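Computed from a predicted structure; not experimentally measured. Only heavy atoms go into these numbers, but all of them, side chains included; no hydrogens, no water, no symmetry mates. In what follows, chains are A, B, ... by sequence order, proteins preceding strands, each numbered from 1.
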Protein chains: 2
Amino acid sequence: MRERTKGRPGPEQASELTTNRLSIYLRCLDHLSGAGVRTISSQSLAAQFGLNAAQIRKDLTWFGEFGVRGVGYSVDGLAAHLRQILGLGDPIRIAVIGAGNLGQALADYPGFPRDGFVPVALFDRAAAKIGKHSRGGVPIYHMKRLPAIVRKEGIRIALVAVPAPSAQQVANAAVAAGLRAILNFAPGTVSVPPGVKVKNVDLTVSLEGLAYHLANAAHAKTQ
Amino acid sequence: MRERTKGRPGPEQASELTTNRLSIYLRCLDHLSGAGVRTISSQSLAAQFGLNAAQIRKDLTWFGEFGVRGVGYSVDGLAAHLRQILGLGDPIRIAVIGAGNLGQALADYPGFPRDGFVPVALFDRAAAKIGKHSRGGVPIYHMKRLPAIVRKEGIRIALVAVPAPSAQQVANAAVAAGLRAILNFAPGTVSVPPGVKVKNVDLTVSLEGLAYHLANAAHAKTQ
DNA sequence: CTGTGTGAACCCCTTCACAGCG
DNA sequence: CGCTGTGAAGGGGTTCACACAG
């Protein structure tokens, strides 16, 4: 907050809920851009995608003033701003640790490259898999080569798709290899040193939440 | 404790954040039970797993009084209560719609049966896949057979693992087949009628959140 | 004396409402 | 006149602190 001028809040104060929504806004804008829409108001953006107009404006305020009063936002212009805020300039190279069914499916998932995340390496400990490739052509390396490959390939994010008991040590290895961002698919929590960010995709929690809904459907709300 | 007096809040008021945490508590308790722990206080449960003791107690309060003052909670007893609250009595049969790499990996994911969710069917529209099985032996049916198989197999939850453009119509089909709980892996939102619950696993939002962290790591918090 | 259950305080996020700019 | 940017109000969720049960 030192060099920040008083008026502008600055990115370091935006909550994770806000930044998650930026991804959603970006997706909506790309959609609109593909449909040829050039300009949009927070109002109609909210109406079309089930969002809240005031929240869109407030979320954006943390990072600057991107709109034109009386008009709205430039679809392509705002999308470019959001990409810059989210650090999506060049494609981001990612690795998948754990070359089981799930790991290989993630490495070959076509949605990732489309969104600017390129899987360039799989890692595993099973000798039988080392040196092979996923169906989509992502090479499988031994875990011990993680630091070297991370450096050589410019990998920035690790996806952890190993059984729960191995998740912590795999995360440790990722951190030791210099990675600062981990997407963890293993159930449970992994702890990491300050400065490293972990996001969890906890399928058990999601499914049990649905089970709860089924068990209490009589009075539950929809969403 | 007896019946529903006005004092007891009741399950219909617990928020989704609370019920998600119940899953986590259950996982911790199973861990402790496996380690032979018979009794635990909210205090030490919180300390061991990085939770907040007051929050654990408050979360549980929505559903009853499960603890013993001065002692704590019975590990197995509380786990049994949570399982009942979450509707985890018998194994819950699930279907995966979309027999691509991701869909098949989900159908064969060993963590699901372990947690009481049994994939019994895959669905797809590609003629080449119909009649085959996943590596793990889950049969692949044509989408048009969804209603019949759902009924015959007692399927309760659909996992949607199809490309984004098909997600909405697949969700519609799932609802039409009588399903009331959907776990959606396709990017974007699907809308469903009241009474149907959708949870989204949005990998793009997660990855872009990590990208944001990488771009702003200088002042970002750890977790 | 220990640890639960719980009102109250606190804090953050969401939503409202409007001043003011284009 | 329309829509953004934004202080203020509102609503929830989290954390505190303590009465009280065992």
Side-chain angles (χ1 to χ4, degrees), chain A residues 4-22 24-25 29 32 37-75 77-78 81-82 85 209 221 223, chain B residues 1-2 5-22 24-25 29 32 37-75 77-78 81-82 209 221 223:
Chain A
R4 287 258 169 279
T5 54
K6 47 164 200 104
R8 179 67 12 75
E12 56 282 0
Q13 306 179 37
S15 80
E16 189 157 330
L17 294 173
T18 293
T19 54
N20 284 347
R21 280 191 298 266
L22 295 189
I24 293 170
Y25 302 156
L29 291 168
L32 290 170
V37 180
R38 307 284 292 272
T39 292
I40 193 154
S41 68
S42 61
Q43 191 68 243
S44 58
L45 186 61
Q48 281 186 54
F49 297 96
L51 309 168
N52 179 299
Q55 184 160 70
I56 294 171
R57 297 198 301 275
K58 178 137 291 199
D59 284 339
L60 296 176
T61 299
W62 298 113
F63 302 95
E65 304 193 3
F66 307 116
V68 179
R69 293 168 193 238
V71 178
Y73 302 88
S74 153
V75 171
L78 183 54
H81 276 298
L82 291 181
I85 291 165
K221 295 190 311 176
Q223 294 258 21
Chain B
M1 316 157 185
R2 299 281 59 94
T5 58
K6 35 101 158 282
R8 180 72 358 83
E12 54 283 359
Q13 307 178 36
S15 79
E16 188 157 333
L17 294 173
T18 292
T19 54
N20 284 347
R21 281 192 296 268
L22 296 189
I24 294 171
Y25 303 156
L29 290 168
L32 290 169
V37 180
R38 306 284 292 273
T39 291
I40 193 152
S41 67
S42 61
Q43 191 70 244
S44 57
L45 185 61
Q48 282 184 55
F49 297 96
L51 310 168
N52 179 299
Q55 185 159 70
I56 294 171
R57 296 198 300 275
K58 180 139 289 202
D59 284 338
L60 296 177
T61 299
W62 298 112
F63 302 94
E65 304 193 3
F66 306 115
V68 178
R69 293 171 192 235
V71 179
Y73 302 88
S74 153
V75 171
L78 183 54
H81 276 297
L82 292 181
K221 296 190 311 174
Q223 298 246 29

ask   = Between atom CZ of Phe63(A) and atom OG1 of Thr18(A), what is the distance when rounded to the nearest 0.5 Å?
value = 7.0 Å
message = Rounded to whole Å, please give me the gap between CG in Asn20(A) and P in dC12(C).
response = 18 Å
query = Rounding to a whole Å, what distance do you find between Ile40(A):CD1 and dT4(D):C1'?
reply = 14 Å
ask   = With a non-hydrogen cut-off below 4.0 angstrom, is Ser15(B) in contact with a base, only sugar-phosphate, or nothing?
value = sugar-phosphate
query = Once you round to the nearest 0.5 Å, how far does CD1 of Ile56(B) lie from CD1 of Ile40(B)?
reply = 8.5 Å
key: Nucleotide of dA19(D), dT4(D), dT6(D) approaching Arg69(B) most closely (side-chain heavy atoms)   = dA19(D)
note = Nearest-nucleotide check on DNA chain C, Val71(A) vs Arg21(A); residue mapping nearer the 5' end is Arg21(A)
task = Kindly compute the distance separating CD (Glu65(B)) from CG (Leu60(B)), expressed to the nearest 0.5 Å.
result = 11.0 Å
task = When you get a sec, tell me which of dC20(D), dT14(C), dA17(C) is the closest nucleotide to the side chain of Arg57(A)?
result = dA17(C)
request  = Would you check, one step at a time, whether the test side-chain contact (heavy atoms from CB on, under 4.5 Å) holds for Leu51(A) with Tyr25(A)?
outcome  = CA-CA 9 Å; Leu51(A) 309 168; Tyr25(A) 302 156; 3.8 Å; yes
query = Whole-Å distance between dT4(C) P and Leu78(B) CG?
reply = 11 Å
inquiry  = Output the rounded distance in Å from CG (Leu17(B)) to C1' (dT14(C)).
reply    = 14 Å
note = Which of dT14(C), dT6(D), dG2(D) is nearest the side chain of Glu65(A)? It is dT6(D)
remark   = Closest to the side chain of Thr61(B), out of dG5(C), dC16(C), dT4(C), is dG5(C)
message = Taking only side-chain N and O atoms of Gln55(B), does any of them lie within less than 4.0 angstrom of OP1 or OP2 on dT14(D)?
response = yes
request  = Find the distance Tyr73(B):OH to dT2(C):P and express it as a whole number of Å.
outcome  = 18 Å
ask   = Roughly, in whole Å, what's the span from NZ in Lys58(A) to C1' in dC12(C)?
value = 12 Å
query = Atom CG of Leu60(A) and atom C1' of dG5(D): how far apart are they, to the nearest Å?
reply = 10 Å
task = Remember a base hit wins even if backbone is also touched, and classify Thr18(A) as base, sugar-phosphate or nothing at under 4.0 Å, heavy atoms.
result = nothing
ask   = Between Leu29(A) and Val75(A), what is the shortest heavy-atom contact and its length?
value = O-CG1, 3.4 Å
inquiry  = Pick the closest DNA chain C nucleotide for Ala54(B) and for Ala54(A) by heavy atoms, then say which residue is nearer the 5' end.
reply    = Ala54(B)
task = Side chain of Ser42(A) only, please: which of dT4(D), dT14(D), dT14(C) is the nearest?
result = dT4(D)
message = How many whole angstroms separate atom CH2 of Trp62(A) from atom C1' of dG5(D)?
response = 12 Å
request  = Compare side-chain N and O positions of Asn52(A) against OP1 and OP2 of dT14(C) and report whether any pair is under 4.0 Å apart.
outcome  = no
